[in-house]
Amino acid sequence: MLDSETNSATIADPKVVCRDVSVSYSGKQALFDIDLDIGSHQVTSLIGPSGCGKSTFLRCMNRMNDVIDGCVVTGSISVDGVEILDDEIDAVQLRRRVGMVFQKPNPFPKSIYDNIAYGPRIHGLVRGKDELDEVVQTSLERAGLWEEVKDRLLQPGTGLSGGQQQRLCIARAIAVRPDVILMDEPCSALDPIATARVEELIDELKRSYSIVIVTHSMQQAARVSQRTAFFHLGIVVEVGETEQIFTNPRDERTQGYITGRYG
Amino acid sequence: MQIWLILGVILLLAAYGYQRGKGGALAAVSGDASQLHSLPSYHGAYVALWAAIPALIACVIWLSAEHQIIEALVVSGLSAESQALEPQRLALLMSDIRNLSSGDIVRADPSLEVQAAAARYTELASISLYAKFAVIAALSAICLFFAKKRIAGQFRARNRVERIVRYIMIAASVIAILTTIGLVLSLLFEAWRFFLRVPFHDFLFGTHWSPQTAIRADQVGASGSFGAIPIFAGTLLITLIAMLIAVPLGLFSAIYMSEYASPRARGAIKPLLEVLAGVPTVVYGLFAALTVGPYVRGFGESFGIDASSESALAAGLVMGVMIIPFVSSLSDDVINAVPQTLRDGSYALGATQSETIRQVVLPAALPGIVGAVLLAVSRAIGETMIVVMAAGLAANLTANPFEAVTTVTVQIVTLLVGDQEFDSSKTLAAFALGLVLFFVTLALNIIALKVVRKYREKYD
């Protein structure tokens, strides 16, 4: 589908390789033959107008679409060379390695501590209370939330502010030590200051994780990502280095979108 | 008969007032409705409400006071001798007079005095009838006239009508509340009379229940003992058995319906389960008494347990089945109200569906589920028909579910069924039991609603 002359869908040393990925919901096709590579230890942003399929694509990578009735995913997605759309692969195992942060902060109605401890507990990643305490602390520290909540770990996570809740969700995702973190518009429900903190965090996290972020904010894509893919009407129109996409787009649809002519 | 006539007249006047108000409003702005503050129909409604409501209130007051006033007037016309009769005798005399006046059968040959009084009664009643008619019609017409006079282009008819409608709604809810208060007061009053005869602590803490009191002094074996502990224990036992059936079955079916079932399966199962809630309890009672009871006895006997065919187990089992839809339907709603984003968050961490349900969905829904269970408990405690038919009447203090026990509701029924005098300890005991039942279920409902409300605050 993609013209390799104008696109660099493939890269050397990819973390996730997607080929001919198509998705349809109850017979209505939402994504058409997507080819895209996600690089290791970098941030890839997916931009495009609403309804273009970028969230759908994101949810393919940890098979969250399995939860939706009538959703059919075809093609091939491999993480570290392992095909994940295979029925042999357990989606539960996959999601441990490919974590996800949602548009709206969704802390569990449990304490801050239990929110973080939830993943390590169900996967049996820790032995004993001390180790769990340590995982909780490092996760919160990496999410930049430790100083703010260390004195109230046993209070409900739902009592935090929106920005803190989102960082809690990020801490929760990294507590199970995934390889890839998918973020579905993680800042759309946050104010500019909380957004800035989350963006700093994303920049920090890319050293350890491969991150894919869906965003409606072109500035955010430009600020945090190294590679950008522009989705439109269920296809990838253009993909490349973020700098190139934003300064010198090859496709006029991309140019139209990033200069604000539509979207 | 006459009341329908009066209501008809009021309605006609109101309809007429509506037309006049509407027409008057339009006339006031020479047909240009956009000049009006309120729509013409509001002006019409304003006049119609004024024509109807004061007249209806007057009608209600008149009807409720009419009898007392007429009877007081008739009594004052009686001889001093008759007036001096004790209240009950006087009431009998009055009923003779009323019967004679309306042409019903009279006790004995009426005396001259009664005949004269009956004639006076008839006369007063007919005066009252015409006066009532005239006063109410006049009131309606006068109110209509003055309301009509206020109609003008800038008259704020909409605001007035809306305020009146608000008062009507307040009145409706006040009536419901007053009924509840009246209910509690009547229970309290009768129960107080009971506690004058039987000490409070004997009733609440006594362990022997035998409400037969002697009618004559020389009767034997009618001790009249009112220790309600066996009854409370029986109620608790049956409720416990019912909840042991209803909570797991209801909760599991709720989890299945909301988390696992396909929309089609859910669409089929939920109405089917709710059919259970629609079955009249007397049908459950039949089932418990004729099918489950004997089966339970046979089952007990096969284990060498001496079981009676009326047993707590039979009643509790069937009651549990009856309550399943309460638990399942309410819990299903609560579980569905847990946001999908929480489930997604859990799945995205690699949790399985059962881990998600156990550790995220159920804890989030727990307060609502507790509320549902408490409502089901209060329903079980108040259930009557099944236990009357299947649990027996013997007030045994036992924890053996194969034995016959009795419950608060069953005792209330048996104490009050049949010809009873309403001032014996036996019948008054029913009110004391009713009072206890009322407060227990009230407390459970309040706790349940509190718990449910606390849950709501979390997600809205």
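Predicted model only: the values in this text are computed from it and were never measured. Hydrogens, waters and symmetry mates are skipped; everything else that's a heavy atom, side chains included, is used. Chain A is the first sequence line, chain B the second, and so forth, proteins listed ahead of strands; every chain is numbered from 1.
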Checklist entry - Do any of residues 115-126 of chain A have a heavy atom less than 4.5 Å from a heavy atom of chain B, and if so, which, in residue order? => result A/Y118, A/I122, A/H123

Checklist entry - Who among B/A348, B/G345, B/S346 has the most heavy-atom pairs with chain A under 4.5 Å? => result B/A348

Item to check | Toward chain B, the part of A/P107 with a non-hydrogen atom under 4.5 Å | outcome: backbone

Checklist entry - Are the side chain of B/T384 and the backbone of B/G382 linked by a donor-acceptor contact shorter than 3.5 Å? => result yes

Item to check | Close contacts, residues 80-99 of chain A versus chain B, judged by heavy atoms under 4.5 Å | outcome: A/V92, A/R95, A/R96, A/V98, A/G99

Item to check | Listed once per pair and sorted, the ring-ring contact (aromatic ring centres under 6.0 Å, His included) pairs that draw on residues 54-103 of chain A, sequence neighbours left out | outcome: A/F57-A/F231

Checklist entry - Any sub-3.5 Å donor-acceptor pair from A/Q164's side-chain atoms to A/S161's backbone N or O? => result yes

Checklist entry - Side chain, backbone, both or neither: which part of A/D69 has a heavy atom under 4.5 Å from chain B? => result side chain

Checklist entry - If you measure from OG on A/S188 to NE2 on A/H216, what distance do you get to the nearest 0.5 Å? => result 8.5 Å

Item to check | Residue part contacting chain B, namely of A/R63, when any heavy atom lies under 4.5 Å | outcome: neither

Next on the checklist: Whether the side chain of B/S329 engages the backbone of B/F326 through a donor-acceptor N/O pair (distance < 3.5 Å, no angle test) should be reported.
Outcome noted: no

Item to check | Under 4.5 Å from any heavy atom of chain A - which part of B/Q353 | outcome: neither

Next on the checklist: So does B/I170 get a backbone contact from the side chain of B/S173, meaning a donor-acceptor N/O pair under 3.5 Å?
Outcome noted: yes

Checklist outcome for this item: Quick note, salt bridge (Lys or Arg N to Asp or Glu O under 4.0 Å) partners involving residues 267-277 of chain B, not counting sequence neighbours, are B/K270-B/D332, B/K270-B/D333

Checklist entry - Is there a donor-acceptor pair under 3.5 Å between the side chain of A/Q165 and the backbone N or O of A/L160? => result yes

